[in-house]
Participant: 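Can you keep this structure in mind? I'll have questions shortly.
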Number of protein chains: 2
Amino acid sequence: MVLLENPRLQDAEQVITESIQAGRMTIIVGKCVVNYYGRAGSVLPEGERLIIIKEDGSVLVHQKDKYTPVNYQPTGCNVQCIIKGDSLAIMSQRKRPKEVLHAFFSSIQCIASFELLDDENITLVGSERDLALQIFQQPDMIEKGLKITEIEKAVSSGEIDLFGEDCEGKLVIIELKRKKVGLESVSQLKRYTDEIRGAYGNRAVRGMLCAPALTKNAMRLLQADGLEFIEIKPSIMTFKNGTMGAGKQ
Amino acid sequence: MVLLENPRLQDAEQVITESIQAGRMTIIVGKCVVNYYGRAGSVLPEGERLIIIKEDGSVLVHQKDKYTPVNYQPTGCNVQCIIKGDSLAIMSQRKRPKEVLHAFFSSIQCIASFELLDDENITLVGSERDLALQIFQQPDMIEKGLKITEIEKAVSSGEIDLFGEDCEGKLVIIELKRKKVGLESVSQLKRYTDEIRGAYGNRAVRGMLCAPALTKNAMRLLQADGLEFIEIKPSIMTFKNGTMGAGKQ
DNA sequence: CAATAGATGTCGTTC
DNA sequence: GAACGACGTCTATTG
């Protein structure tokens with residue numbers, strides 16, 4: 001751990017450069033201008049921000065509020081720190097797509113350089129994938145007699161979440177969502193049913209949108225398209241009395 | 001600026017609590033377990049991470065790599081810091097939706113508390129909005145004789161990016177994208193053209209997907225649906241010799 | 001508050 | 001690397 005408070009820019013340059021080269025995480029708090037050019041372009045006039053440089057080359061520029069960084073570079077960038085004139089420049093670039101982010105610090109409140117030992121991965125419960133597996137195990141929760149034969153069935157118009165047939169032998173296409181859905185999901189399901197109807201011309205095809213809820217316009221569109229809405233409870237409900245509480249409480 | 005290196009948890013508790021209450025940004029680097037429950041649920045076993053607490057209640061838990069925080073709370077949460085047993089707990093909650101994030105620190109490498117003076121907003125160029133305005137000004141860049149009458153025209157199946165008519169009096173619906181598009185955008189355009197055809201039964205309707213490129217399957221679907229692809233250069237190209245370079249270089 | 005769609009989306013997965 | 005879709009997406013905008 002290296003901590004510097006109100007460092008001179010020359011000292012900052014050395015510490016930051018060492019930190020980057022050592023693959024440590026680097027934090028800079030200070031007054032800066034940030035320019036970006038690549039898929040889009042941006043200018044952020046001078047103000048105080050927090051910048052985080054990670055070992056994988058990702059760079060985050062955070063303002064005082066918001067979840068989202070105001071400027072950033074994603075994983076895989078090359079980051080450098082040099083003195084340019086009377087400011088300290090953090091320059092990050094990537095090749096594909098060609099993108100550059102430049103931050104110019106006129107003053108620095110604080111620098112921290114440290115290593116994060118962490119071999120653990122997050123376990124997340126309640127994703128759409130969990131829901132799909134649950135339905136695959138117990139298709140009766142959707143409809144009695146339903147058989148699921150494929151998960152993530154790849155077709156040319158996309159990937160069908162769940163594919164199978166009902167008790168009458170009609171093909172069933174399920175588009176699954178873990179939260180309230182809008183028009184987009186109806187379109188998605190429509191794409192799949194259209195294609196499958198074309199491919200299995202002789203078979204009846206049912207399209208089911210399985211979600212906790214859907215918007216009014218989405219319901220109208222769904223019905224106009226001859227599709228079905230199946231209300232499902234998000235699987236996280238069953239998690240409530242489950243794994244949560246692991247770790248110290 | 002308050003900086004603590006390897007603080008005792010009791011000292012950390014006091015500094016963090018003061019920092020949160022004063023509306024300052026708070027950074028904690030240390031070994032922690034993180035649990036989350038809300039729209040989904042997650043458990044992150046013990047490891048070293050960086051946690052950022054912002055004045056608006058947003059909380060970011062960052063691991064050593066990746067652009068994205070491994071755990072978080074968005075804007076508008078209530079954050080508290082207390083000692084629980086032999087660990088220091090950061091607890092963040094929100095009401096709608098009901099969500100909680102708990103981080104339990106067993107040791108802390110460093111704490112920083114500071115204020116970020118920043119009245120500036122980012123100016124971003126090259127968004128879809130910019131492109132839409134450009135086309136609205138010069139519809140000929142899409143097709144000679146094209147007239148755009150509405151931007152973001154709200155219909156029941158969504159919002160049409162650009163709406164107008166061509167030199168032959170056919171209605172034109174444009175779906176605009178700033179980057180290469182896939183199936184989803186074709187579906188989006190199809191939704192709009194279907195609705196407009198229904199609403200203006202006596203008028204010919206053309207659907208145009210304007211984008212730099214589209215995937216092979218998207219092209220097939222587009223053609224099957226009787227829609228058109230118009231290749232456009234992303235407007236950021238024109239920015240290259242423009243505003244970039246503001247600020248110090 | 002609901003609805004809708006964009007984002008420098010990022011990320012994982014599969015081909 | 002391209003394609004496809006999920007994401008605890010978040011965020012802005014509009015009704």
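Residue numbers begin at 1 in each chain, while the letters A, B, ... track the order of the sequences.
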Participant: Between P on D:dC4 and CD on B:Q188, what's the gap in Å once rounded to a whole number?
Facilitator: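 Distance check: B:Q188 CD to D:dC4 P gives 16 Å.
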Participant: Please give the distance between the P atoms of D:dG8 and C:dT4 as a whole number of Å.
Facilitator: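 That atom pair is separated by 23 Å.
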Participant: Could A:E55 and A:R24 be called an ion pair, given the rule that one side-chain N must be under 4.0 Å from one carboxylate O?
Facilitator: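 Judged by the 4.0 Å cut-off on N to carboxylate O distance, A:E55 and A:R24 do not form a salt bridge.
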Participant: Which value, rounded to the nearest 0.5 Å, describes the distance between B:R191 atom CZ and B:I173 atom CD1?
Facilitator: 12.0 Å
Participant: Could you tell me the separation between the NZ atom of B:K153 and the P atom of C:dA5, rounded to a whole number of Å?
Facilitator: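 So the NZ-P distance, B:K153 to C:dA5, works out to 15 Å.
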Participant: Closest to the A:S127 side chain: C:dA5, D:dG8, D:dC7?
Facilitator: D:dC7
Participant: Could you state the atom-to-atom distance from CG of B:L183 to P of D:dA3 in whole Å?
Facilitator: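 Checked: the CG to P distance equals 10 Å.
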Participant: Is the phosphate of C:dG12, meaning OP1 or OP2, less than 4.0 Å from a side-chain N or O of A:R129?
Facilitator: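 Indeed not, no polar side-chain atom of A:R129 lies that close.
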Participant: Let's see if you can work this out: which of D:dC4, C:dG6, D:dG8 has an atom nearest to the side-chain heavy atoms of B:D161?
Facilitator: C:dG6
Participant: Give one of base, sugar-phosphate or nothing for B:Q73, where a contact means two heavy atoms less than 4.0 Å apart.
Facilitator: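 Answer is base: heavy atoms of B:Q73 come under 4.0 Å of a base.
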Participant: Give B:S185 one of three labels, base, sugar-phosphate or nothing, depending on what nucleic acid heavy atoms sit under 4.0 Å from its own.
Facilitator: nothing
Participant: Is it true that A:K177 and A:E175 have a side-chain N and a carboxylate O under 4.0 angstrom from each other?
Facilitator: yes
Participant: To the nearest Å, how far apart are B:R96 CZ and D:dG8 C1'?
Facilitator: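 In whole Å, D:dG8 C1' lies 16 Å from B:R96 CZ.
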Participant: Over all strands shown, is B:G38 touching base, sugar-phosphate only, or nothing at heavy-atom distances under 4.0 angstrom?
Facilitator: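 Touches nothing.
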Participant: Tell me the interatomic distance from A:E159, atom CD, to C:dC15, atom P, rounded to whole angstroms.
Facilitator: 9 Å
Participant: In plain terms, say whether A:E99 and A:R94 are close enough for a salt bridge, that is, a side-chain N and a carboxylate O under 4.0 Å apart.
Facilitator: yes
Participant: Quick one: B:L162 CG to C:dA5 P, roughly how many Å, whole number?
Facilitator: 14 Å
Participant: Select one nucleotide: of D:dA2, D:dA6, D:dG5, the one nearest the side-chain heavy atoms of B:K180.
Facilitator: D:dA2
Participant: Side chain of B:K66: nearest nucleotide among C:dA5, C:dT10, C:dG12?
Facilitator: C:dG12
Participant: Both A:R191 and B:L101 contact DNA chain D. Which one's nearest nucleotide lies toward the 5' end?
Facilitator: A:R191
Participant: Pick the nucleotide of DNA chain C nearest each of A:V181 and A:V70; which residue has the one closer to the 5' end?
Facilitator: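 Between the two, 5'-proximity favours A:V181.
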Participant: Can B:Y67 be called stacked on C:dT10 when the rule is centres closer than 5.5 Å and an angle between planes below 30°?
Facilitator: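 No; by the centre-distance and plane-angle rule, B:Y67 does not count as stacking on C:dT10.
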Participant: By nearest nucleotide on DNA chain D, pick out whichever of B:K216 and B:N71 is the more 5' one.
Facilitator: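 Here B:K216 is the residue nearer the 5' end.
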Participant: Run the salt-bridge test on A:D118 and B:R49 with the 4.0 Å N-O cut-off and return the result as yes or no.
Facilitator: yes
Participant: Which nucleotide sits closest to the side chain of A:L124: D:dC4, C:dC11, D:dG8?
Facilitator: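 Of D:dC4, C:dC11, D:dG8, D:dG8 is nearest to the side chain of A:L124.
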Participant: Between D:dC4 and C:dT8, how many Å separate the two P atoms, rounded to a whole number?
Facilitator: 23 Å
Participant: With a non-hydrogen cut-off below 4.0 angstrom, is A:P74 in contact with a base, only sugar-phosphate, or nothing?
Facilitator: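 Since only primed, P, OP1 and OP2 atoms lie under 4.0 Å of A:P74, the category is sugar-phosphate.
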Participant: Describe, in one word, how the ring planes of A:Y67 and B:Y72 are oriented to each other, choosing from parallel (under 30°), tilted (30 to 60°) and perpendicular (over 60°).
Facilitator: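 Plane angle between 30° and 60°, so tilted.
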Participant: Among C:dG6, C:dT10, C:dT8, which is the nearest nucleotide to the side chain of B:T68?
Facilitator: C:dT10
Participant: Which of the following nucleotides, D:dA3, C:dT10, C:dA3, is nearest to the side chain of B:K179?
Facilitator: C:dT10
Participant: Could you tell me how far apart B:E195 (CD) and C:dT4 (C1') are, to the nearest whole angstrom?
Facilitator: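 Whole-Å distance recorded here is 13 Å.
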Participant: Between D:dC10, C:dT4, C:dG9, which nucleotide has the shortest distance from any of its atoms to the side chain of A:T215?
Facilitator: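 The answer is C:dT4, which lies nearest to the side chain.
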Participant: Taking CD from A:E128 and P from D:dT9, how many angstroms apart are they, rounded to a whole number?
Facilitator: 11 Å
